[in-house]
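Have a look at the structure below before the remarks.
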Amino acid sequence: MPKVLLPKAYNPKDVEAKWYERWERAGYFYADADDKRTPYCITIPPPNVTGSLHMGHALNHTIHDIVVRWQRMLGKNVLCLPGTDHAGIATQVVVEKELAKEGKTRHQLGRDEFLKRVWEWKEQYGGVILSQLRKLGCSYDWRRERFTMDDNYAKAVLMTFAQLASEGLIYRGHRVINWCPRCLTALSDLEVEHETHPSKLWFIRYPASDGSYGIAVATTRPETMLGDTAVAVHPSDERYKHLIGSTVILPLMWRPIPIIADDRVDPSFGTGAVKVTPAHDATDFEIGERHGLDKVMVIDEFGRMTEQAGKFAGMDRYECRKAVVEELDREGLLIRTEEYEVPLALCYRCGTAIEPLLSVQWFVHMKPLAEPAIEVIRSGKIKYVPERFARMTIEWLENIRDWCISRQIWWGHRIPVWYCRDCNGDRVREWHLPTGEVRIRADVDAEWFVAIEPPGCCPKCGSKNIIQDSDVLDTWFSSAIWPHATLGWPDRTRELDVFYPTDLMITARDILYLWVARMIMTGLKFANDIPFRTVYVHPTILTREGKRMSKSLGTGIDPLDLIERYGADALRFGLIIQCELGQDIRFSEERLDMARDFANKVWNATRFVLMNISDEALPQLPAMPELKRLPLTLPDRWILSRLQRAISSVNRHLEECEFDRAAKAVYDFVWDEFCDWYIEISKCAISGADSERGMIAKAILCKVLDCALRLLHPFMPFVTEELWQHLPHEGESIMVSPFPKVDEGLIDVEAEVKMDWLTELVSAIRNIKSEMGFPRTPCDALLFVSDESAKQLIEDNLWWIASLAQLKGIEFHGIEEARPKLAASIALRGVEVYVPLSGVVDVNKEVERVSKQLAKVMSELERVTHRLQNERFLQNAPSDVIEAERAREANLREQLERLKSRLDMLKELQPLA
RNA sequence: GGGCGGUUAGCUCAGUGGGAGAGCGCCUGCCUUACAAGCAGGAGGACAGAGGUUCAAAUCCUCUACCGCCCACCA
């Protein structure tokens, strides 16, 4: 092998782009539906086409790629299918802003022209995030990239709508929905965010029609009173019972409205009487339905007061609020105001206050879809990790409400519904907005028909005078079919046969209902099976202060910046090591330092190995299972055994989605065991006289490192590939090499126990030397051993112990022999070490050190003794625990005796010092 | 209002019935030919508070406080 000199420090920039390109070119990311190996499939949560990578994505896709690389190395036929979401409102807003720079509005362009612009924008700028995922190292099948507006996908969306409609699961409803006055569209309940906002509670008197006091109501939205059509009280409220059925006069509008009784009213809130505005409040709407009340719209789609608002017509809703309150005050009908925190509903896209508005919208009847979904979650057919999210989802599904799926925007899947104008007369009208936009307004009882391709005429009367609904579908309606639609549904494809149901859904918590639950419902309905077997809900990344990361608040961190500074491997590893099950992450950049240091550690461990094997012909390396037939030393047996433990631990944790633990297991093995001990010991073997021992050490260094790199590869793909390529290896890339499997035959408990004892011995000697201020040079030591086997073990391993503990000239003595006086000492189970003090070192210091140990041992002994004197402990504790306590007591007692006599001895010397 | 998390070393977090741990930071000594992004050694914690269960509690139960999240039609 040619001598290869790696640079002293790892530089991610030298390798990341290079390897990513080679992997992709080699086709390692691609899955083949005809591949006969066990399939493994994940469809990624499609990011918004307008999106760019944030920390949440970085974590989400680090997890994706770890799982995918791991599964691929396990020998499965792995498909990870990427793509983007057309993100209706978000994308439309982005393109409108672009237009605004040219001084244009989308209305000036018109619908078709605008949509052309959106597509142009998408082709040019969309999906930046996918290239950012490549920088992270994501090994996805880019040939299969999908977009929720692709032709095939769009067809699947419309088919879904058509089928639901044909089964009567889609209907048009006239009810109060969430309306965003800025986006000018309806929103579903899940697209609304709730906040509280300091405001007031206004108490208003509605005088009785007979001139008496009437009734007082409390409201947070006085402007809506203009549309009141009743006042409601609780039927059993004694205060108001006599008023039920009477009439009050609605102030400012001066029209009579009834006082009605309804259970919905909470007698303890405000005055116990509530004004009812059926057109502008969902609860009031229901009350109105029950009591046959008129629904008076006083606020329009723009948030302005309508003609129905009388003299307030044309005012903005907030302006009107002020005016109404002033007027009430002048009329003497404003009783008082209280400071009050009002719950506020906001548009999740633009933050504008939602206006509950009465309108005709499209809804999906959810109950029939939810029931099978509840069943598969409850039965465990779909598993949630952590499990508590299953309970939460079931609860949400059990209380599910119908889904408003129509949106009054342009960018999206246009609802495949047509109206015949001849059949409908003026039940179908054009609504001309001041912007110039024309929308179709069809009454709730208008006749409609579904047509996926533009129909030539009305199927009923044959008229060509037909018109398509102007609304588009909720973006989440199209993403709800993502797993099966991306695999080819509604066509019966090979992909669907092989890869559906998919294996894992890796997602953030905030789209559990918005997206995940809906995929389960549509998957069961249309693909006849669950969409995925397991839902893994990963943590949310918070700032160090525990606040949400947000671009607008300036608390976000750019993952690309972190890749630039630390490298992709370090970002991945630093994130994953913080990724505990069910526990949010307060992001700490120190973990990236840790990860970067680790990458460098692995780099240098490999440099060490390469330096030692490059200048000579290493004999043919035996395969891992054959290694144990060689004359192995104790450290050889130990590191092979510890490697098996690490392999087992990594695999087990990955299976359980305990990614942090899996990463930690590799980290600890590589750093604490392989580097800190085995490499150091191997130096002794290599430079020693025994050439066979050195040769075996080199072989083991190679084998163990190779395994460690493969174990680490899913976490740190780039650096492991680069290093693996420099080592002797089989195959063309580490990413298609087999993931390490445990070889039970290499687990060696005896070697582990012995090495534990010896490393403890070495550490104890180092402690003495460091604490006592010995020079770093090797010194003499006297070892008093309790038995022959202990002595033998130390002697057999002296070849490395001496070096690691910096000792020369070791004398063995029996445990009964006299100890030297002027020496520093330490006692372990079965051995006492004495390091003679030269004149330079301070005896007082040793007294101090021994006293400290003594104190520690004494307090511990006290606890143990106390426990062993406790009758009830002896009666109730399991015997192995008692046994262990007894052994511990004996050990501590022995140590105590030695430390005491040691201290006495030193104190005699003290005057000399 | 309902539900779910969390509170352990200066910081970020492991540890879920029997001897308090990691990384970073801090202190001491080392440029030991893999690595100063390193090596060796060390200091540092009444495990949020109160009660209970148990021979034994950071760990199980109850309550309280504080922080965070989700759901909900108290105007």
Side-chain angles (χ1 to χ4, degrees), chain A residues 6 8-10 176 189 194 201 217-221 224 232 264-277 281-287 340 342-343 356 386 388-389 391-392 395-396 399 509-510 512-513 540 542 544-548 570 574 577-578 580 582-591 593-612 660-661 664 667-668 672 675-676 679-680 683 763 766-771 773-777 803-804 806 860 863-864 867 870-878 880-882 884-885 888 892:
Chain A
L6 296 172
K8 247 174 114 166
Y10 172 53
V176 171
D189 294 331
H194 298 273
L201 189 59
V217 299
T219 181
T220 57
R221 299 202 57 198
T224 63
R264 241 331 147 51
V265 180
D266 174 5
S268 67
F269 185 89
T271 64
V274 57
K275 56 190 268 325
V276 182
T277 324
D281 183 282
T283 308
D284 290 6
F285 176 82
E286 285 173 33
I287 295 176
Y340 189 69
V342 286
R388 67 170 184 272
F389 293 110
R391 294 196 302 274
M392 282 170 56
E395 206 162 304
W396 182 78
N399 298 304
R509 214 168 31 208
D510 52 351
L512 239 29
Y513 309 143
T540 305
L542 307 171
R544 177 176 280 272
E545 289 71 38
K547 301 283 180 221
R548 211 180 190 83
I577 205 124
Q578 299 181 68
E580 291 159 43
Q583 176 67 55
D584 284 346
I585 298 170
R586 290 191 187 204
F587 181 71
S588 82
E589 205 171 301
E590 290 85 64
R591 297 298 183 115
D593 286 305
M594 172 201 191
R596 189 243 282 121
D597 294 352
F598 182 51
N600 193 56
K601 189 72 179 175
V602 176
W603 181 266
N604 277 289
T606 308
R607 276 184 75 217
F608 171 79
V609 173
L610 289 173
M611 282 173 172
N612 283 287
D660 59 321
R661 294 177 189 214
K664 192 74 175 13
Y667 181 93
D668 288 344
D672 297 346
C675 291
D676 284 354
I679 285 186
E680 291 307 316
K683 289 176 185 172
S763 295
R766 285 168 172 172
N767 172 285
I768 295 182
K769 294 192 64 175
S770 173
E771 290 274 280
F774 278 87
R776 257 184 48 78
T777 49
S803 163
L804 267 62
Q806 286 290 332
E860 214 172 307
R863 274 214 310 267
V864 174
R867 179 174 296 172
N870 186 340
E871 280 299 315
R872 305 216 286 178
F873 171 73
L874 298 173
Q875 275 164 22
N876 294 302
D880 59 321
V881 171
I882 298 177
E885 288 297 303
R888 224 175 117 211
L892 286 166

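Labels below follow one simple rule: chain letters A, B, ... track the order of the sequence lines, proteins then strands, and each chain is numbered from 1. These numbers come from the heavy atoms of this one structure, side chains and all, not from hydrogens, waters or symmetry mates.
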So, are A:Lys664 and A:Asp660 salt-bridged, with charged N and O less than 4.0 Å apart?
-> no
Just checking A:Gln875: base, sugar-phosphate only, or nothing, at a heavy-atom cut-off of under 4.0 Å?
-> nothing
Between B:G23, B:A34, B:C55, spot the one nearest the side chain of A:Tyr667, thanks.
-> B:G23
Expressed in angstrom and rounded to an integer, what is the separation of A:Glu589 atom CD from B:C13 atom C1'?
-> 17 Å
Nearest-Å distance for atom pair CD/P, residues A:Glu590 and B:A37 = 17 Å
Across all strands, who's sitting opposite B:G1 as a Watson-Crick or G-U wobble pair, both distances under 3.5 Å?
-> B:C71
May I ask you to verify if any side-chain N or O of A:Lys547 is less than 4.0 angstrom from the OP1 or OP2 atom of B:G68?
-> yes
Atom of A:Arg509, atom of A:Asp584 and distance for their closest heavy-atom approach = NH2-OD2, 3.0 Å
Interatomic distance, A:Trp396 atom CH2 to A:Tyr513 atom OH [nearest 0.5 angstrom] = 8.5 Å
Watson-Crick or G-U wobble partner of B:C24, both distances under 3.5 Å = B:G10
Quick one: the side chain of A:Arg607 and the base of B:C35, do they pair up donor-acceptor inside 3.5 Å?
-> no
Whole-Å distance, A:Arg776 CZ to B:U32 C1', equals 5 Å
Length of the CD-P vector between A:Gln578 and B:C24, whole Å = 14 Å
Nearest-neighbour nucleotide for the A:Asp597 side chain, B:A36, B:C71, B:A37 considered | B:A37
Roughly, in whole Å, what's the span from OH in A:Tyr340 to P in B:A75?
-> 4 Å
Among the nucleotides B:U12, B:G42, B:A75, whichever has the atom closest to the side chain of A:Asn767 is B:G42
Report, one pair per line, the protein and nucleotides 18-20 of chain B atoms (nitrogen or oxygen only) whose separation is under 3.5 Å.
{"residue": "B:G19", "atom": "O2'", "partner": "A:Arg888", "partner atom": "NH2", "Å": "3.3"}
{"residue": "B:G19", "atom": "N2", "partner": "A:Arg888", "partner atom": "NE", "Å": "3.2"}
{"residue": "B:G19", "atom": "N3", "partner": "A:Arg888", "partner atom": "NE", "Å": "3.0"}

Have a look at A:Asn870 and say if it touches a base, only the backbone sugar-phosphate, or nothing, with a 4.0 Å heavy-atom cut-off.
-> sugar-phosphate
Using a 4.0 Å heavy-atom cut-off across all strands, classify A:Tyr10 as base, sugar-phosphate, or nothing.
-> base
Can you measure from CG (A:Asn870) to CD (A:Glu885) and round to the nearest 0.5 angstrom?
-> 11.5 Å
Between B:C11, B:C70, B:A22, spot the one nearest the side chain of A:Arg591, thanks.
-> B:A22
With no angle test and no hydrogens, is the base of B:A40 tied to the side chain of A:Glu680 by a donor-acceptor pair under 3.5 Å?
-> no
A:Ala605 vs A:Ile585, nearer the 5' end of RNA chain B by closest nucleotide | A:Ile585
For B:C63, the nucleotide meeting Watson-Crick or G-U wobble distances (both under 3.5 Å) is B:G49
For residues A:Val274 and A:Val217, report the shortest heavy-atom separation together with the two atoms involved.
-> C-CG1, 4.2 Å
Contact under 4.0 Å: A:Lys769 side-chain N or O vs B:G41 OP1/OP2 | no
Would you say a side-chain N or O of A:Lys683 is under 4.0 Å from OP1 or OP2 of B:C39?
-> no
Give the rounded distance in Å between these two atoms: CD of A:Glu545 and P of B:C67.
-> 16 Å
Round to a whole Å and report the spacing from CZ of A:Arg221 to C1' of B:A75.
-> 11 Å
Could you work out which one of B:A75, B:A37, B:A34 sits closest to the side chain of A:Val274?
-> B:A75
So what does A:Leu201 hit on the nucleic acid, given a heavy-atom distance under 4.0 Å: a base, only sugar-phosphate, or nothing?
-> nothing
Return the value, rounded to whole Å, for the distance between atom NZ of A:Lys275 and atom C1' of B:C73.
-> 14 Å
Do A:Arg221 and A:Val342 pass the side chain to side chain contact (heavy atoms under 4.5 Å, CB included) test, and can you show the C-alpha distance, the side-chain angles, and the key distance before you say yes or no?
-> CA-CA 10 Å; A:Arg221 299 202 57 198; A:Val342 286; over 6 Å; no
Which heavy-atom pair separates A:Ile287 from A:Val276 by the least distance, and what is that distance?
-> CG2-CG1, 4.2 Å
Take atom P in B:C4 and the same atom in B:U64, then report the distance between them in whole Å.
-> 14 Å
Could you tell me whether A:Lys8 contacts a base, only the sugar-phosphate backbone, or nothing, with contacts defined as non-hydrogen atoms closer than 4.0 Å?
-> sugar-phosphate
Base paired to B:A34 (Watson-Crick or G-U; both N/O distances under 3.5 angstrom) = none
For A:Lys769 and A:Gln806, work out which heavy atoms get closest and say how close.
-> NZ-O, 2.9 Å
On a whole-Å scale, what distance lies between the C1' atoms belonging to B:G18 and B:A56?
-> 6 Å
NA contact type, A:Arg586, heavy-atom cut-off 4.0 Å: base, sugar-phosphate, or nothing?
-> sugar-phosphate
Could you work out the separation of B:C24 and B:G3 based on their C1' atoms and round it to a whole Å?
-> 36 Å
Looking at every strand, decide which applies to A:Asp676 at a 4.0 Å heavy-atom threshold: base, sugar-phosphate, or nothing.
-> sugar-phosphate
Protein N or O to nucleotides 4-9 of chain B N or O, pairs below 3.5 Å:
{"residue": "B:C4", "atom": "O2'", "partner": "A:Arg388", "partner atom": "NE", "Å": "3.1"}

Within a strict 4.5 Å, meaning less than it, do heavy atoms of the A:Asn612 and A:Lys683 side chains meet?
-> no
